[in-house]
K.L.:
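Next up is a structure, given as structure tokens.
The structure displayed is predicted, hence computed values, not measured ones. Side chains included, hydrogens not; waters and symmetry mates left out as well; all remaining heavy atoms used.
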Amino acid sequence: MKKNRIITLSLLAATAIATGFSSAACDGSDGSDYKYRYNDGYETVEYGKYGTYYEIFPYSYADSNGDGIGDIPGITAKLDYIHDLGFTGIWLTPVHPSTTYHKYNVDDYFDIDPDFGTLDDYKEMVDKAHDLGMTVILDLVVNHSGRNNPWFTQSAQAHVKGDTTNQYYDYYVWSTSYQSGYNAYNNNWYYECEFDSQMPDLNLQLILDDPTCDLAKDLTEVMRFWLEDYDVDGFRLDAVTTYFGNSNVDNDDAAVLKWINDTAKSIKPNCYIVAEGQWGSTSSNATLLQSGIDSCFNFDFKGTEGYIGTTVNQQNATNFQKGYTNSMSGLPEGCIPAPFVCNHDSPSGRLVGATQARNAPQRLKFGYGLLAMSTGCIFNYYGDEIGMGAQSSSKDEDLRVPMNWGDSYTCTPVSGASTIVEETVYPFGTVKSLLKDKNSSLAYVAKANEVRNTHLAIPCGDCTTVYSNTNAFQGFLKTYGDDSVLLLVNASTYEYITYDYSNYEGYTNIDAELVSDTSYKVESTSTSVTVPPESIIVLTKD
């Protein structure tokens with residue numbers, strides 16, 4: 001497939017960091033594509049579900065009104081920043097009204113929490129993202145709601161009154177005796193809440209028993225509201241392995257996922273569905289993916305022990321291929337890997353911790369480069385592009401610290417977070433300062449994303465090891481249709497390694513140099529290229 005760069009993005013501050021998007025992209029599993037809407041004179045282009053996503057924790061991202069809390073207008077104001085780094089979509093953790101800062105206990109599925117703004121603010125954000133050619137996926141929580149949700153309030157009152165005719169009577173899982181994972185409503189009734197007393201579990205068995213039941217109709221309207229009225233491009237599904245408590249009934253979880261997927265795609269056929277599947281279980285996720293959803297997150301990529309972390313920390317590039325093989329193992333046809341290194345729940349901390357990069361920024365860059373070269377739809381957690389860290393990698397609040405803008409949009413820490421030690425949490429400085437440095441991690445991320453977004457073979461292609469010198473140095477061929485690239489990965493921390501072109505005929509054009517330390521120089525002759533430490537060279541055919 002012919003490459004076609006049709007748009008040049010704006011410069012990042014004074015450093016002339018520029019990125020580009022290609023007009024071509026991978027097809028969705030059903031053969032359909034997203035339609036990206038550009039508003040600056042270019043033709044409408046199509047882009048599939050193999051995107052480059054940026055996860056945002058709204059409370060801590062960008063404060064537009066000075067109250068210390070991140071909000072939707074703040075995100076809208078920073079979309080140009082995200083876009084210019086080459087990210088093709090954003091995922092926001094929940095934004096609905098809720099009593100918690102993280103908003104995973106939803107009190108109203110049809111509104112925006114006042115801390116974050118209004119529905120109009122949200123629509124403006126989505127519209128601007130689409131104008132920039134980016135997609136937006138909403139975090140959809142249906143394992144449980146909030147305790148203040150009217151559905152729960154009415155269900156609880158119906159149980160107290162013994163009103164079995166109430167529509168909401170069976171919306172939640174109730175018992176007349178205490179059990180593990182339940183909480184007392186009064187002296188006579190207990191409700192299931194596997195995560196927290198403020199998160200009563202919805203009774204999703206109702207949907208399996210009758211897909212036309214009232215709960216199914218209400219959840220359908222939730223999906224329709226966001227997909228149609230607010231034009232989101234898909235959903236991230238929270239906690240799908242606990243749809244039936246902690247019983248690990250993968251087949252029932254998959255059956256609910258199938259109903260969600262079928263319903264969402266009956267409303268918007270091209271929407272992208274990614275689920276928080278089983279942490280570290282490829283076989284369980286393979287079962288969940290039988291539902292027809294597009295992706296389950298690949299948790300075996302996360303942290304210091306994941307495929308990215310071990311490639312960097314063990315200087316072992318064979319783990320890149322192992323990550324591809326494992327992420328594709330046993331998946332139904334058409335499923336899309338969703339690699340990430342960290343997110344808002346990662347107990348092993350952020351990218352800077354996973355790559356042990358606090359005193360070695362080149363390791364952070366190399367780690368992101370490996371993620372960008374990975375097959376599938378990749379996800380970057382906000383702040384990882386500037387090397388944000390955490391005081392404690394086991395404390396949720398410390399994984400959700402304020403984005404370090406260096407301007408008035410910087411938020412205050414969430415309640416319960418550790419006292420921020422600048423050199424620990426922000427070892428490489430603010431966005432404002434890094435934008436002035438042409439050698440910063442931001443410049444590297446922009447370049448890595450540009451390479452990824454230009455070559456279909458990188459997000460979409462099959463990956464084969466074609467050259468091995470040592471574990472530290474590997475050559476990987478990625479092919480998708482007529483597009484192919486040869487990735488040379490040097491995971492050594494000190495050794496320059498030379499690759500002889502004659503080892504793989506035809507790939508002699510150096511298309512991109514993802515060099516982690518700008519003091520390193522790539523040397524090449526008519527027959528070879530010397531790859532610096534912790535760097536990636538992308539070769540194409542002449």
K.L.:
Do we see a donor-acceptor contact under 3.5 Å between the side chains of Thr325 and Gln321?
P.N.:
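On atom types as modelled, these side chains qualify, holding a pair under 3.5 Å.
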K.L.:
Does a side chain donor of either Tyr54 or His83 reach within less than 3.5 Å of an acceptor in the other side chain?
P.N.:
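No pair is found: no donor N or O on one side chain lies under 3.5 Å from an acceptor on the other.
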K.L.:
Quick check: do Ile90 and Ile82 have side-chain heavy atoms less than 4.5 Å from each other?
P.N.:
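They are in contact (side-chain heavy atoms under 4.5 Å apart), so the answer is yes.
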K.L.:
List the residues meeting side-chain contact (heavy atoms from CB on, under 4.5 Å) with Asp108, not counting sequence neighbours, and say none if there are none.
P.N.:
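Checked Asp108 against side-chain contact (heavy atoms from CB on, under 4.5 Å); matches are Pro97, Phe110, Asp111.
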K.L.:
Quick check against the 3.5 Å criterion: does Asp233 have a side-chain atom that pairs as donor or acceptor with the backbone of Val136?
P.N.:
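Side chain of Asp233 to backbone of Val136: a pair is present.
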K.L.:
Tell me whether the count of non-hydrogen atoms from other residues, nucleotides or ligands lying under 6.0 Å of NZ in Lys128 goes above 12.
P.N.:
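Yes, NZ of Lys128 has more than 12 neighbouring heavy atoms, counting only those of other groups under 6.0 Å.
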K.L.:
Would you check if the side chain of Lys478 reaches a backbone N or O of Leu456 as a donor-acceptor pair within less than 3.5 Å?
P.N.:
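No; judged by distance alone, with no hydrogens or angles, the pair does not exist.
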K.L.:
Rounded to the nearest 0.5 Å, what's the gap from OG1 on Thr176 to CD on Gln179? Could you check?
P.N.:
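So the OG1 of Thr176 and the CD of Gln179 are separated by 8.5 Å.
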K.L.:
Decide whether Thr88 and Asn453 meet the rule of one side-chain donor and one side-chain acceptor closer than 3.5 Å.
P.N.:
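No, because no side-chain N or O of Thr88 sits under 3.5 Å from a partner of the opposite role on Asn453.
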K.L.:
Check whether any side-chain heavy atom of Ile137 sits under 4.5 Å from a side-chain heavy atom of Phe235, and report yes or no.
P.N.:
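Ile137 vs Phe235: side chains apart.
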K.L.:
Go through the side-chain N and O atoms of Gln314 and Thr310 and say whether any donor and acceptor fall under 3.5 Å apart.
P.N.:
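No.
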K.L.:
State, with a plain yes or no, whether a side-chain heavy atom of Asp253 is found less than 4.5 Å away from one of Val256.
P.N.:
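Not touching, per the 4.5 Å side-chain cut-off.
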K.L.:
Examine Lys103 relative to Phe116 and say whether NZ or CZ is less than 6.0 Å from the centre of the six-membered ring and inside a 45° cone about the ring axis.
P.N.:
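The answer is yes, since Lys103 meets both limits relative to Phe116.
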K.L.:
Look at the rings of Tyr61 and Trp405 and say which category their plane angle falls in: under 30° parallel, 30 to 60° tilted, over 60° perpendicular.
P.N.:
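Ring orientation, 0 to 90° scale: perpendicular.
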K.L.:
First locate atom NZ of Lys49, then atom SG of Cys335, and finally report the distance between them rounded to the nearest 0.5 Å.
P.N.:
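Here the rounded value is 10.5 Å.
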K.L.:
Examine distances only and state if a side-chain atom of Ser346 and a backbone atom of Asn343 form a donor-acceptor pair shorter than 3.5 Å.
P.N.:
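Flag set: sc Ser346 to bb Asn343 pair under 3.5 Å.
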K.L.:
Assess the pair Tyr172 and Phe152: is the distance between their ring centroids shorter than 6.0 Å?
P.N.:
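Distance test on ring centres: under 6.0 Å, yes.
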K.L.:
Ignoring hydrogens and angles, state whether a donor on the side chain of Asp398 or Ser418 is under 3.5 Å from an acceptor on the partner side chain.
P.N.:
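Yes, Ser418 and Asp398 have a side-chain donor paired with an acceptor closer than 3.5 Å.
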K.L.:
Indicate yes or no: does Arg400 engage Asp345 in a salt bridge with an N to O separation below 4.0 Å.
P.N.:
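Here Arg400 pairs with Asp345 in a salt bridge, since their nearest N and O are under 4.0 Å apart.
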K.L.:
Between the side chains of Glu385 and Tyr81, is a donor N or O closer than 3.5 angstrom to an acceptor N or O?
P.N.:
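The answer is yes; a qualifying pair exists.
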K.L.:
Are Phe297 and Trp91 near enough that their ring centres are under 6.0 Å apart?
P.N.:
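Yes, the ring of Phe297 comes within the 6.0 Å limit of the ring of Trp91, centre to centre.
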K.L.:
For Thr375 and Cys460, indicate whether the former's side chain and the latter's backbone hold a donor-acceptor pair under 3.5 Å.
P.N.:
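Not a single qualifying donor-acceptor pair exists.
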K.L.:
Hey, are Thr93 and Tyr59 close enough side-chain-wise for a donor-acceptor pair under 3.5 Å?
P.N.:
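There is no such pair (donor and acceptor under 3.5 Å, judged by atom type) between the side chains of Tyr59 and Thr93.
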K.L.:
For the side chain of Asp294 and the backbone of Ile273, is there at least one donor-acceptor N/O pair under 3.5 Å apart?
P.N.:
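Here the side-chain-to-backbone pair exists.
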K.L.:
So, does Glu397 use its side chain to make a donor-acceptor pair with the main chain of Val414 at under 3.5 Å?
P.N.:
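Checking the backbone N and O of Val414 against the side chain of Glu397, no donor-acceptor pair under 3.5 Å is found.
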K.L.:
Given the ring of Tyr409, does Lys78 sit roughly above its face, with NZ or CZ under 6.0 Å from the centre of the six-membered ring and within 45° of the axis?
P.N.:
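Lys78 over Tyr409 ring: yes.
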K.L.:
Measure the shortest side-chain to side-chain distance between Trp226 and Tyr122 over non-hydrogen atoms and say whether it is less than 4.5 angstrom.
P.N.:
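Counting from C-beta outward, Trp226 and Tyr122 do come under 4.5 Å.
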K.L.:
Checking side-chain polar atoms at under 3.5 Å, does Asn449 have a donor or acceptor matched by the opposite partner on Tyr368?
P.N.:
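Asn449 vs Tyr368: donor-acceptor pair found between side chains.
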K.L.:
For the side chain of Asp115 and the backbone of Asp71, is there at least one donor-acceptor N/O pair under 3.5 Å apart?
P.N.:
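No, because the side chain of Asp115 does not come within donor-acceptor range (under 3.5 Å) of the backbone of Asp71.
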K.L.:
Mind checking whether Ile56 and Ile75 have side chains closer than 4.5 Å, heavy atoms only?
P.N.:
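Result yes, sub-4.5 Å side-chain heavy-atom pair found.
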K.L.:
Does a side chain donor of either Ser295 or Tyr272 reach within less than 3.5 Å of an acceptor in the other side chain?
P.N.:
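Side chains of Ser295 and Tyr272: pair found under 3.5 Å.
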K.L.:
Centroid-to-centroid, Phe476 to Phe320, below 6.0 Å?
P.N.:
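For Phe476 and Phe320, the ring centres are under 6.0 Å apart.
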K.L.:
Between the side chains of Trp259 and Ser291, does any donor sit under 3.5 Å from an acceptor?
P.N.:
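Trp259 vs Ser291: no donor-acceptor pair found between side chains.
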K.L.:
Rounded to the nearest 0.5 Å, what separation is found between the OG atom of Ser327 and the CD1 atom of Ile336?
P.N.:
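If I round to the nearest 0.5 Å, the distance is 12.0 Å.
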K.L.:
Donor-acceptor check, side chain of Asp63 to backbone of Gly68, threshold 3.5 angstrom: yes or no?
P.N.:
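Confirmed, Asp63 side chain pairs with Gly68 backbone.
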K.L.:
Hey, does the side chain of Asn298 reach the backbone of Phe301 with a donor-acceptor pair shorter than 3.5 angstrom?
P.N.:
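Answer holds: no.
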K.L.:
Does a side chain donor of either Ser177 or Tyr182 reach within less than 3.5 Å of an acceptor in the other side chain?
P.N.:
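Side chains of Ser177 and Tyr182: no pair found under 3.5 Å.
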K.L.:
Can you tell me if Asp113 and Ser98 form a side-chain donor-acceptor pair at under 3.5 Å?
P.N.:
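Short answer, no.
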K.L.:
Report yes or no: does Tyr168 contribute a side-chain atom to a donor-acceptor pair with the main-chain N or O of Ala156 at less than 3.5 Å?
P.N.:
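Not confirmed, Tyr168 side chain does not pair with Ala156 backbone.
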K.L.:
Evaluate the side-chain proximity of Pro413 to Ile420: yes if any heavy-atom separation is below 4.5 Å, no if none is.
P.N.:
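Ile420 vs Pro413: side chains touch.
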K.L.:
Parallel, tilted or perpendicular, judged at 30° and 60°: which one describes the rings of Tyr104 and His102?
P.N.:
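Ring orientation of Tyr104 relative to His102: tilted.
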K.L.:
Testing the 3.5 Å rule here: is there a donor-acceptor pair between the side chains of Lys265 and Asn261?
P.N.:
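Indeed, the side chains of Lys265 and Asn261 share at least one donor-acceptor pair under 3.5 Å.
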K.L.:
Would you call Asn380 and Phe340 a side-chain contact if the rule is heavy atoms closer than 4.5 Å?
P.N.:
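They are not in contact (no side-chain heavy atoms under 4.5 Å apart), so the answer is no.
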K.L.:
Side chains of Asp121 and Thr118: any donor to acceptor distance under 3.5 Å?
P.N.:
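Yes - a donor-acceptor pair under 3.5 Å links their side chains.
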K.L.:
Can you tell me if Asp238 and Asn143 form a side-chain donor-acceptor pair at under 3.5 Å?
P.N.:
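No, no side-chain donor-acceptor pair sits under 3.5 Å.
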K.L.:
Please name all residues satisfying salt bridge (charged side-chain N to carboxylate O under 4.0 Å, His left out) with Asp218, sequence neighbours left out, ordered by chain then number.
P.N.:
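Asp218 satisfies salt bridge (charged side-chain N to carboxylate O under 4.0 Å, His left out) with no residue once adjacent residues are dropped.
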K.L.:
Inspect the contact between Glu228 and Lys268 and indicate whether a charged nitrogen and a carboxylate oxygen are less than 4.0 angstrom apart.
P.N.:
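Salt bridge flag = no for Glu228 with Lys268.
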K.L.:
Calculate, to the nearest 0.5 Å, the distance between atoms NE2 and CG belonging to His130 and Leu79 respectively.
P.N.:
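Taking NE2 in His130 and CG in Leu79, the distance rounds to 10.5 Å.
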K.L.:
I'd like to know if the side chain of Arg452 pairs up with that of Thr52 as donor and acceptor (distance under 3.5 Å, no hydrogens or angles considered).
P.N.:
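Judged by distance alone, the side chains do pair up.
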K.L.:
Under 3.5 Å, is there a donor on one side chain and an acceptor on the other for His159 and Asn188?
P.N.:
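No donor-acceptor contact under 3.5 Å links the two side chains.
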K.L.:
Quick one: does Met199's side chain get under 4.5 Å of Val106's, heavy atoms only?
P.N.:
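Sidechains of Val106 and Met199: no contact.
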